[in-house]
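Predicted, not measured: the structure shown is a model, and the values here were computed from it. To find a chain, count down the sequence lines: A is the first, B the second, and so on, and within it residues start at 1.
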Amino acid sequence: MPTKKPSATKDTFEQHYFEKVYDVTRLIPRGKVSTYGAIADFLGLGSARMVGWALNHCHHAEDHVPAHRVVNRLGELSGRLHFATPDLMQKRLEDENIIVVNNKISNMASVFWHPRELENY
DNA sequence: GACCTGACGCCCC
DNA sequence: AGGGGCGCCAGGT
């Protein structure tokens with residue numbers, strides 16, 4: 001047994017769960033949002049941080065990832081500074097009729113969507 | 001290796 | 001109600 005995993009294995013694993021995160025994020029309905037924790041739970045990732053880590057690299061993805069629909073569990077736009085401009089995340093949400101005040105979604109309970117609502121995934 | 005730092009979240013004041 | 005501590009995993013230094 002090799003004491004160390006080949007780096008190719010690690011790379012493909014990352015590729016794998018990055019894509020899973022992107023796929024779930026793409027399934028968030030327009031006008032709804034999900035959270036880092038909900039996506040991590042759904043995918044069985046050990047930590048919600050890994051979702052943030054994956055989304056941090058989502059601009060490398062082949063197809064568009066609606067990352068503005070992922071917020072923290074309090075509805076705060078914790079990732080907004082990683083968009084092209086600091087206000088872009090809020091603008092995208094407002095374009096979907098989501099109300100944002102002080103970088104926080106006001107009606108979080110009514111727009112929250114959990115991936116386990118998916119029927120066949 | 002030993003830190004440190006995250007697009008996080010739970011627990012406990 | 002809001003803030004600190006800590007676990008979580010990955011990367012950088």
Side-chain angles (χ1 to χ4, degrees):
Chain A
M1 282 292 285
T3 56
K4 184 181 177 184
K5 290 181 186 173
S7 59
T9 302
K10 185 183 173 192
D11 290 344
T12 51
F13 170 73
E14 285 182 3
Q15 205 72 18
H16 202 56
Y17 88 76
F18 274 36
E19 285 305 321
K20 283 183 173 177
V21 170
Y22 299 161
D23 285 344
V24 173
T25 303
R26 290 186 186 107
L27 293 171
I28 304 173
R30 181 183 169 79
K32 295 282 185 179
V33 301
S34 193
T35 66
Y36 303 97
I39 295 172
D41 285 345
F42 182 72
L43 292 179
L45 301 180
S47 155
R49 287 185 183 275
M50 296 179 73
V51 175
W53 178 253
L55 289 179
N56 194 29
H57 294 74
C58 72
H59 48 279
H60 299 314
E62 304 271 332
D63 303 314
H64 177 250
V65 181
H68 62 282
R69 298 191 186 126
V70 184
V71 297
N72 75 9
R73 95 180 167 93
L74 300 179
E76 295 165 338
L77 281 52
S78 48
R80 68 190 172 89
L81 297 180
H82 294 266
F83 286 75
T85 68
D87 298 325
L88 185 57
M89 186 177 188
Q90 173 165 349
K91 182 182 180 344
R92 293 247 168 89
L93 290 169
E94 287 171 342
D95 286 346
E96 302 184 6
N97 297 318
I98 293 174
I99 301 167
V100 179
V101 178
N102 292 333
N103 301 316
K104 181 173 178 178
I105 295 177
S106 349
N107 51 338
M108 182 62 181
S110 58
V111 298
F112 175 64
W113 176 88
H114 195 292
R116 72 171 152 253
E117 295 178 29
L118 290 167
E119 297 276 328
N120 320 302
Y121 187 77

query: Does Arg80(A) have a side-chain nitrogen or oxygen under 4.0 Å from the phosphate oxygens OP1 or OP2 of dA7(B)?
result: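 For Arg80(A), the contact criterion (side-chain N or O under 4.0 Å from OP1 or OP2 of dA7(B)) is not met.
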
task: Could you tell me whether the phosphate oxygens of dC8(B), OP1 or OP2, come under 4.0 Å of any side-chain nitrogen or oxygen in Ser78(A)?
output: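 So the side-chain polar atoms of Ser78(A) do come within 4.0 Å of the phosphate oxygens OP1 or OP2 of dC8(B), strictly under.
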
Could you state the [atom1]-[atom2] distance from [X] to [N], rounded to the nearest angstrom?
X        : N      : atom1 : atom2 : answer
Phe42(A) : dG9(B) : CZ    : P     : 17 Å
Leu88(A) : dA7(B) : CG    : C1'   : 14 Å
Ile28(A) : dA7(B) : CD1   : P     : 18 Å
Leu77(A) : dC8(B) : CG    : C1'   : 15 Å
Ile39(A) : dC9(C) : CD1   : P     : 18 Å
Tyr36(A) : dG7(C) : OH    : P     : 23 Å
Gln90(A) : dA7(B) : CD    : C1'   : 16 Å
Met50(A) : dG9(B) : CE    : P     : 14 Å

message: Looking only at the side chain of Tyr17(A) (C-beta and beyond, no hydrogens), which of the listed nucleotides dA10(C), dC8(B), dA7(B) gets closest?
response: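 Looking only at side-chain atoms, Tyr17(A) lies closest to dA10(C).
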
- prompt: Which one, dA10(C), dA7(B), dC9(C), comes nearest to the side chain of Ser47(A)?
  reply: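 Looking only at heavy atoms from C-beta outward on Ser47(A), the closest nucleotide is dC9(C).
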
task: For Asn56(A), answer base if it contacts any base atom (sugar-phosphate contacts may also be present), sugar-phosphate if it contacts only those atoms, and nothing otherwise; contact means non-hydrogen atoms under 4.0 Å.
output: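 The answer is base, as Asn56(A) lies within the cut-off (heavy atoms under 4.0 Å) of a base atom.
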
message: At 4.0 Å (heavy atoms only), tell me whether Ala40(A) reaches a base, stays on the sugar-phosphate, or touches nothing.
response: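 Nothing: the residue Ala40(A), judged by heavy atoms under 4.0 Å, touches no strand.
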
- prompt: If the P atom of dA1(C) is compared with that of dC8(B), how far apart are they to the nearest Å?
  reply: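 One P to the other, the span is 23 Å.
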
task: Please state the P separation for the pair dA7(B) and dG2(C) - nearest whole angstrom.
output: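 Nearest-Å result for dA7(B) against dG2(C) at atom P: 23 Å.
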
message: Less than 4.0 angstrom from a charged side-chain N to a carboxylate O is my criterion; do Arg26(A) and Asp23(A) meet it?
response: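 A salt bridge links Arg26(A) with Asp23(A).
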
- request: Measure the shortest side-chain to side-chain distance between Leu43(A) and Tyr17(A) over non-hydrogen atoms and say whether it is less than 4.5 angstrom.
  value: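 Side-chain contact under 4.5 Å: no.
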
field: Beyond-backbone contact of Met108(A) with Val71(A), side-chain heavy atoms, under 4.5 angstrom
entry: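 Contact flag for Met108(A)/Val71(A) side chains = yes.
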
- prompt: Under 3.5 Å, side chain of Asn102(A) to main-chain N/O of Lys104(A), donor-acceptor pair present?
  reply: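 Answer holds: no.
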
message: side chain to side chain contact (heavy atoms under 4.5 Å, CB included), that's the test. Do Asp87(A) and Lys91(A) meet it? Break it down for me.
response: CA-CA 6 Å; Asp87(A) 298 325; Lys91(A) 182 182 180 344; 5.7 Å; no

- prompt: On a plain distance test, is the side chain of Arg49(A) in donor-acceptor contact with the base of dC9(C) below 3.5 Å?
  reply: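 No.
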
